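Because the structure is predicted, anything quoted here is derived from the model rather than measured. Just so you know, ligand 1 is whichever comes first in the structure, and atom 1 is the first atom listed for that ligand.
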Amino acid sequence: MPRYPLQTPDITTPHPDNDRGFPTPLGDIPREVYQRRRQRLMEQMGSGVAVVFAADTIDSCHRQNLDFYYLTGLAHEAGAALVLAPEHPAWQEQLFLRPLDIEDNRWHGNRPMLGRASELAAGIASVKRTTLLPRAINDALMNSKNRELVYLGPFAGYTSPVPKQLTVLREVAQRVLGCTIRDGHDLLPRMRSIHDRDELALMRRAIEATEAAFTDAMHTVQPDTNEDELLFTFERAIRTRGCRRFAYEPIIGSGPNSCVLHYTANDRIMRAGELVLCDVGAEFQMYAADITRTFPVSGTFTPRQREINDIVHEAWRVAVDMCRPGVTFLELGDAARNVIENAGYCDQYFHGLGHFLGLDVHDAGLMNEPLAPGMVITIEPGIYIADENLGIRLEDDILITDTGCEILSTALPRTSDEIEAFMAKR
Ligand code: GLY
Ligand code: MN
Ligand code: MN
């Protein structure tokens with residue numbers, strides 16, 4: 001009789017069917033990719049014991065912890081923990097899931113019993129309950145050479161809550177003599193900021209859906225309609241292309257709202273002669289797009305709007321032309337800022353030039369290190385003249401390649417002439 005006759009899942013193909021009840025990666029990235037990521041992380045740890053926690057709550061407002069997701073592909077396992085201990089060939093990786101609660105099952109659906117099948121499904125050698133987590137961390141520590149705990153989380157500002165991972169490691173260190181905590185905060189950002197082929201495929205899907213949504217919005221915008229109607233156009237377009245949600249709260253800012261950097265009320269009537277600044281990104285299988293275009297509500301720029309759009313476009317162009325391995329964010333930012341300052345708008349540009357993009361819209365990465373192939377960044381200069389109700393930002397998503405860069409968001413117009421011609425097609 002086979003050892004696992006009924007429950008053994010097909011481990012070669014991730015399956016989007018949650019009814020199977022296994023903790024299994026649900027997206028297009030195969031579980032072998034997650035296994036390789038964990039192996040690579042453990043090679044870089046070298047020794048010691050690390051624990052990465054899932055989010056405590058996952059619902060429409062709370063996403064999975066992105067380090068945990070990056071290492072497991074488990075988008076829906078709240079309250080779980082992953083323990084990595086590279087020195088133990090047999091127990092290098094252990095996944096701990098929340099205890100079963102039969103009352104909770106009636107509210108949120110059945111969760112499975114543990115067994116060999118869940119280990120196979122998750123691609124992790126050992127799957128247990130979190131009630132065993134404290135003992136497992138101690139066991140791994142006691143069998144390690146130096147009794148080292150490795151902190152893999154980000155450093156938080158002193159006004160932020162202490163990260164759970166650091167709290168737990170400190171609690172362990174108080175109880176296990178001779179135990180120290182090693183700083184590994186840069187390991188995951190360094191890995192996460194270099195995207196592999198599978199990740200780039202998902203990011204391209206998010207970007208294509210976002211471009212299609214901008215196309216619909218630029219072809220349907222009308223004076224005397226509400227910003228919210230434009231938002232609905234964006235949402236319908238991304239959802240019909242398989243994106244379940246936005247990667248961040250969209251900004252649809254017309255007239256005076258184009259100058260409010262984090263405007264998200266999106267409920268003003270747009271008037272002829274005004275600009276509308278749209279900063280929107282779809283999320284596809286946890287990966288983000290992040291695009292901004294600013295266009296005239298009636299399809300035609302005024303001479304003044306055109307003048308400012310040309311300066312922002314020039315700042316964008318100068319920065320994108322410099323994108324290649326070895327360049328730093330600082331150098332890109334200085335180059336774009338010079339264009340805007342030389343045009344006389346020093347005080348009207350007051351944010352950074354860009355950021356890493358990936359699982360998060362402001363994704364993990366080491367901003368002070370030179371750019372490297374596989375990184376995806378945004379370039380997003382802007383000028384905001386509140387006295388004139390005139391705010392313009394231009395934002396695209398850029399892949400750093402071996403020899404330079406590839407603009408991933410290519411389908412949308414940027415110059416004033418291109419934007420007017422594009423909108424004239426409606
Ligand atoms: N949408 C957020 C940003 O552009 O950074
Ligand atoms: Mn951005
Ligand atoms: Mn943006």
Participant: Where on Ile251 is there a heavy atom closer than 4.0 Å to ligand 1, on the side chain, on the backbone, on both, or on neither?
Facilitator: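 The answer is neither; Ile251 stays 4.0 Å or more away.
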
Participant: Could you identify the single nearest non-hydrogen protein atom to atom 5 (O) of ligand 1 and state the distance to 0.1 Å?
Facilitator: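 Nearest neighbour among protein heavy atoms for atom 5 (O) of ligand 1, to 0.1 Å: His362 NE2, 2.6 Å.
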
Participant: One thing to verify: whether Arg317 and Glu314 come together as a salt bridge, which I'm taking to mean a side-chain N less than 4.0 angstrom from a carboxylate O.
Facilitator: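 Yes, this pair counts.
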
Participant: Looking at Glu380, which atoms of ligand 1 are within less than 4.0 Å of one of its heavy atoms?
Facilitator: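 Near Glu380, meaning under 4.0 Å from one of its heavy atoms, ligand 1 has 3 (C), 4 (O), 5 (O).
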
Participant: Only N/O/S atoms count here: what is the atom of Glu395 closest to the Mn ion (ligand 2) called?
Facilitator: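 Of all N, O or S atoms in Glu395, the Mn ion (ligand 2) lies closest to OE2.
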
Participant: As an exercise, identify every atom of ligand 1 less than 4.0 angstrom from a heavy atom of Glu395.
Facilitator: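 Those atoms are 4 (O).
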
Participant: Taking NZ, NE, NH1 and NH2 as the nitrogens, is one of them in Arg304 or Glu307 under 4.0 Å from a carboxylate oxygen of the other?
Facilitator: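 Salt bridge between Arg304 and Glu307, a charged N being under 4.0 Å from a carboxylate O: yes.
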
Participant: Hey, are Ser416 and Asn309 close enough side-chain-wise for a donor-acceptor pair under 3.5 Å?
Facilitator: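 A pair is found: one side chain offers a donor N or O, the other an acceptor, under 3.5 Å apart.
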
Participant: Any N/O/S atom, side chain or main chain, of Glu380 closer to the Mn ion (ligand 2) than 2.8 Å?
Facilitator: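 Under 2.8 Å: Glu380 contacts the Mn ion (ligand 2) through an N, O or S atom.
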
Participant: Compute the angle centred on the Mn ion (ligand 3) spanning OD1 of Asp279 and OD1 of Asp290, and express it rounded to 10 degrees.
Facilitator: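 Here the angle at the metal atom is close to 100°, to 10°.
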
Participant: Could you walk me through whether Asp396 and Arg293 pass the side chain to side chain contact (heavy atoms under 4.5 Å, CB included) test, one step at a time?
Facilitator: CA-CA 9 Å; Asp396 281 295; Arg293 288 293 182 276; 3.0 Å; yes

Participant: Less than 6.0 angstrom from the centroid, inside 45 degrees of the normal: does Arg37 satisfy that with respect to the ring of Tyr70?
Facilitator: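 Geometry flag: set, cation within 6.0 Å and 45°.
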
Participant: Just wondering, is there an N, O or S atom on His362 that's nearer than 2.8 Å to the Mn ion (ligand 2)?
Facilitator: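 No - counting backbone and side chain alike, His362 has no N, O or S atom under 2.8 Å.
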
Participant: So, for Phe301 and Phe295, is the gap between ring centers shorter than 6.0 Å?
Facilitator: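 Ring centroids of Phe301 and Phe295 are no less than 6.0 Å from each other.
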
Participant: Heavy-atom contacts with Tyr248 under 4.0 Å: which atoms of ligand 1 show up? List them by number with element.
Facilitator: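 Checking each atom against Tyr248, I get 1 (N).
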
Participant: Would you sort out whether Leu95 and Leu74 count as a side chain to side chain contact (heavy atoms under 4.5 Å, CB included), showing the intermediate values?
Facilitator: CA-CA 11 Å; Leu95 177 67; Leu74 303 177; 3.7 Å; yes

Participant: Hey, mind stepping through Glu227 and Ser254 against side-chain hydrogen bond (donor to acceptor under 3.5 Å, both in side chains) and telling me if it holds?
Facilitator: CA-CA 7 Å; Glu227 292 163 351; Ser254 63; 2.6 Å; yes

Participant: I'd like to know if Arg393 contacts ligand 1, where contact means a heavy-atom distance under 4.0 Å to any ligand atom.
Facilitator: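 False for this residue.
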
Participant: Note the single closest protein heavy atom to atom 3 (C) of ligand 1, along with its residue, its atom name and the distance in Å.
Facilitator: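 Of every protein heavy atom, Asp290 OD2, 3.4 Å lies nearest to atom 3 (C) of ligand 1.
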
